[in-house]
Structure formats: structure tokens, C-alpha cells
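Single-structure report; data block below.
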There are 2 protein chains.
Amino acid sequence: MNHPKPRTRIQQKNTEAILEAALDVFSQYGFRGSTLDQIAQAAELSKPNLLYYFPSKEAIHATLLAGLLDTWLDPLRAMDPTGEPVEEILAYVRRKLEMSRDFPRESRLFANEILQGAPRIKDALEGELKNLVDEKSVLIARWSAEGRIITVNPHHLIFSIWSLTQHYADFDVQVHAVLGEDSEAPFAEAERYLVTLFTRLLTP
Amino acid sequence: MNHPKPRTRIQQKNTEAILEAALDVFSQYGFRGSTLDQIAQAAELSKPNLLYYFPSKEAIHATLLAGLLDTWLDPLRAMDPTGEPVEEILAYVRRKLEMSRDFPRESRLFANEILQGAPRIKDALEGELKNLVDEKSVLIARWSAEGRIITVNPHHLIFSIWSLTQHYADFDVQVHAVLGEDSEAPFAEAERYLVTLFTRLLTP
DNA sequence: GTCTATATTAAGATAGAC
DNA sequence: GTCTATCTTAATATAGAC
């Protein structure tokens, strides 16, 4: 096999170094804006060596994206039908905000892909993603019908959680530019603001 | 002058065609992901002719960005200190949402630039943008102090308006993928949802 | 002002030695 | 497995005729 799955320790290490470097580069410059030279340098490997581990630039990018959607949806999957509705939704908001804080590169990789028309993950958006969102929307609608939260459009509620939390990763430069040097930790402030927002929105 | 400001009708027309085509292409593929070939084809001009009107690819992109920030901030500027607070903020939300609906390409051009670290407009973000946001934050804080809206972090309130409204332009593909074929007009639904959200958040 | 032809560089990918 | 050297293509930009 020309481009093996990692078996030895050294293969494991190099494959990981490449993916780590590629995440850095792709998340900042997008697919077309990134070069193998940049990735090779960041991974401290030669360009041909990169292409020993992956058949192409596309393949590196695809590998990164493949794992991403699943991880990205975990917090939504964790929303518990048997829990207390407002608390469940707030917990989802908190987990998403933590992901923006702890995995901003992944968020930007995803944002770059969507922004450019999602050429590589459109199928997953229309399949896996839509299915999960539809399922959780039914749950949210039920909570509304039971009078445990107010009645809102469940899909747009979910969109709002995504946009509000991912903003702090994707538009990070703008957030810092506006808040300036003297800003307190943006994420702590953001959490307080978002908890207020969703509590007041949802509580009947 | 080698690269004239448009004077004749034909120059005017071609310059506009180029900028229009460039907005199409840059907003979809980002700066590095776009090629002069694509822009030339979209503008129905030859590539050398493009470079008769603009000295470089950079210059076309810069021209688009230059006008953008100003237009982008107009709705916030229009927030009236003498108006009724909740109504003023809702009006701002509506104007921003209309811009996402009517000028999605501009929104994505901006998003692409910020996402990639804002290399070309960082100064404007830290100057013009920060100043305006700081000014309006003082106004919002005063409204809170007067008990006319609840107390929230004004900067994060503004961030939330940006993220919630721009999401419908920038992540348009995802919104459509999730809502599916049968979706009602997303923007009409979004407006209802956002009015509910900000009314319930802000009303004391 | 517009075009054809072309110079120049950068980038993805491969060959082949070690 | 890793490297140097190189092939090939595509992209920005220019020269120069019309």
C-alpha cells in the first residue's frame, strides 16, 4: 500500500504532526489559500514526505473534515429528553461555547468550508446533520407544547445557539479588536451574557 | 495615469462589471481561492483588460473591502439615542437581517476576511469599528441605568446581533441544508424568532 | 482600450537515489 | 522513510500589436 494507515510509532507520530499542522494552516487560510509548503514547514517535514503519508492535499483536508462533523454534533446529541428543558438547552450552549474556546481552529475549519458552499460536506449537512437537528427539534417542540419552555421555532433556536457560540471562535479577531487590550476574558463574559439571553428567552 | 478612475461611460461600465464579478467570486472562494480568470470570465472581459482597469488582483479586492465597512456600520450608526430603546435595538436587528438577505455576498466577503485574521482591515476594526461600538455601548449602558432595558453587557449584545443576523448570509448553505426543500422563507421565520428573542431579553 | 502571446513564479505532485 | 531534483500545471502579470 502506498499510503499506509499509521502502524509504527514513527508513522503514528508523523501522521499526527501532519494533521496538527494542517489544521493550523487550513483553518487560517482555507483550502485553496493553504499550501503544502506551509503545512510541511509547520509539521517539520519535507513536502515529498508529506505526500508519502497522504496521497494529496485534498486527502489531508478530507481527513480533517471527516472526523470533525461528528465531534461537532456531540454536544447536541447529549441534549437529554428526560432532563429539565431550560437546563438542557443552557448546558448545550455552555458546551458549544467551550468548544469555541478550546477548539477554535476546528470551528474555523468548519466555517471556512460552509462559507465557501460546503463543497466537501454538503451531503453530511443534508443527511446526518439535518436528521439530528430534526430529531432535537421535535423534542424542543414537545417541551414547548408541555409548557415547560416558551414556544419558539426550534430550528432557529438551534441556529441561534450555533451562531452565538461559534462567533467567538470564528470572528475572534474582531471580538478582540472591539474589546481592546483591557478586555476581561471574553469567554467568561460571553457565558454570562448567553445564559441571561437564553434563560429570559425560554423561561415561560 | 496607468489605472485611471473611471471617466468615460465605457470605463465606468467596465469598472463596475469587474467589481460586480469580483464580489461574486471573492465572496464565494476567498481571496486566494479566487482567480483572475474566474473574475474576467464573470465580467466578460479578457484578463489583460481586467488589469488595464486595476493594477492587480489585490487592488480589486482592496477596492471592494474599502467601501464595505462603512456600509456595514450604517445600521448601527442609525441607532437613535432619543428613540425608544427596545424599538431602536429591534430596528437595528431588522436592518442587519435585511442586509444579510439583500447583500449576502458582501457579508461573506467580510466573513472571509475576518475568518482569515483580517489582514487587510485590522486597522479599521481597531479604529473606526471599535470607536462606533464603544460609543453605542455607552448609549446602551445608559438605557440600562435608566431602567428602560435590562442590564446586559453592551458589547456582547452587539456581538449577538451581528452573529445572529449574519449567520443567515454566511452559513446560508447550512441553513438551507437543515431546513430542507420544504422550508418556508428562512428570513421571515428568522425575523419573527429574533424579534421574540430580543424583546424577551431586553424588556425589563 | 482591447487583444494575443508570453514571461515569471508558485504550487501540487512524482522520480529516483540513499 | 526521507531527501534532492524535477516535472507539470496554473496563476499573476506584462509586452506589444492593433
Side-chain angles (χ1 to χ4, degrees), chain A residues 1-65 109 112-113 116 119-120, chain B residues 1-65 112 116 119-120:
Chain A
M1 201 194 312
N2 273 331
H3 299 282
K5 296 255 156 90
R7 295 182 192 290
T8 71
R9 267 175 301 280
I10 198 167
Q11 283 171 338
Q12 178 99 30
K13 189 173 137 293
N14 281 343
T15 305
E16 274 167 20
I18 292 168
L19 289 174
E20 173 68 19
L23 179 57
D24 257 11
V25 176
F26 282 138
S27 67
Q28 186 169 0
Y29 301 104
F31 180 73
R32 298 258 334 240
S34 303
T35 71
L36 288 178
D37 273 309
Q38 288 176 290
I39 298 170
Q41 187 165 8
E44 299 186 298
L45 288 169
S46 70
K47 195 161 49 163
N49 206 6
L50 228 66
L51 294 167
Y52 171 79
Y53 287 100
F54 291 90
S56 67
K57 180 185 174 183
E58 269 281 345
I60 303 175
H61 193 252
T63 303
L64 285 175
L65 276 184
L109 183 74
N112 260 307
E113 175 68 11
Q116 310 200 356
R120 290 162 254 263
Chain B
M1 206 196 307
N2 273 332
H3 298 282
K5 297 256 157 97
R7 297 182 192 289
T8 72
R9 266 175 301 280
I10 198 167
Q11 282 171 337
Q12 177 99 31
K13 190 172 137 292
N14 281 343
T15 304
E16 273 166 19
I18 292 168
L19 288 173
E20 174 69 17
L23 179 58
D24 257 10
V25 176
F26 282 137
S27 67
Q28 186 170 359
Y29 302 104
F31 179 73
R32 298 259 333 242
S34 304
T35 71
L36 287 178
D37 272 310
Q38 289 177 290
I39 298 170
Q41 187 165 8
E44 299 187 300
L45 289 169
S46 71
K47 197 161 45 164
N49 206 5
L50 229 65
L51 295 167
Y52 171 79
Y53 288 100
F54 290 88
S56 67
K57 181 184 174 183
E58 269 281 346
I60 303 176
H61 192 252
T63 304
L64 286 175
L65 276 185
N112 259 307
Q116 310 200 356
R120 290 162 254 262

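Treat the numbers as computed from the prediction; the structure is a model and nothing was measured. Any value given below was found using the heavy atoms of this structure, including those in side chains, with hydrogens, waters and symmetry copies removed. Proteins get letters first, then strands, A, B, ... in listed order; numbering begins at 1 in each.
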Taking the nucleotide of DNA chain C with the closest heavy atom to each, which residue, B:Ile10 or B:Arg32, is nearer the 5' end?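 The answer here is B:Ile10.
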
Whole-Å gap separating [atom2] ([N]) and [atom1] ([X]):
| X | N | atom1 | atom2 | value |
| --- | --- | --- | --- | --- |
| A:Ile39 | C:dA11 | CD1 | C1' | 12 Å |
| B:Lys47 | C:dC3 | NZ | P | 13 Å |
| B:Asn49 | D:dA15 | CG | C1' | 15 Å |
| B:Leu36 | D:dT14 | CG | P | 11 Å |
| A:Leu51 | D:dT8 | CG | P | 17 Å |
| A:Asp37 | D:dA5 | CG | C1' | 14 Å |
| B:Lys57 | D:dT14 | NZ | P | 15 Å |
| A:Ile18 | C:dA13 | CD1 | P | 13 Å |

Show me the pairs that pass salt bridge (Lys or Arg N to Asp or Glu O under 4.0 Å) and involve residues 8-21 of chain A, at least two apart or across chains.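 Residue pairs with at least one partner in residues 8-21 of chain A: A:Glu20-A:Arg105.
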
With salt bridge (Lys or Arg N to Asp or Glu O under 4.0 Å) as the rule and sequence neighbours excluded, what pairs involving residues 32-44 of chain B come up?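 As it turns out, the salt bridge (Lys or Arg N to Asp or Glu O under 4.0 Å) pairs with a partner in residues 32-44 of chain B, which skip direct neighbours, are B:Asp37-B:Lys47.
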
Is any side-chain heavy atom of B:Gln116 closer than 4.5 Å to a side-chain heavy atom of B:Phe31?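 No - every pair of side-chain heavy atoms lies 4.5 Å or more apart.
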
Find out whether A:Lys57 and A:Leu50 are in side-chain contact, i.e. whether some heavy atom of one side chain is under 4.5 Å from a heavy atom of the other.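 Of all side-chain heavy-atom pairs linking A:Leu50 with A:Lys57, none is under 4.5 Å.
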
Considering only side-chain heavy atoms of B:Pro48, which listed nucleotide, D:dT4, C:dA5, C:dA13, is closest?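 The answer is C:dA5.
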
If you compare every side-chain N and O of B:Ser46 against the phosphate oxygens of C:dC3 (OP1, OP2), does one of them come in below 4.0 Å?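 Answer is yes, contact under 4.0 Å.
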
A:Tyr53 side chain near D:dT2 phosphate (N/O to OP1/OP2, under 4.0 Å):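 Yes, such a contact exists.
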
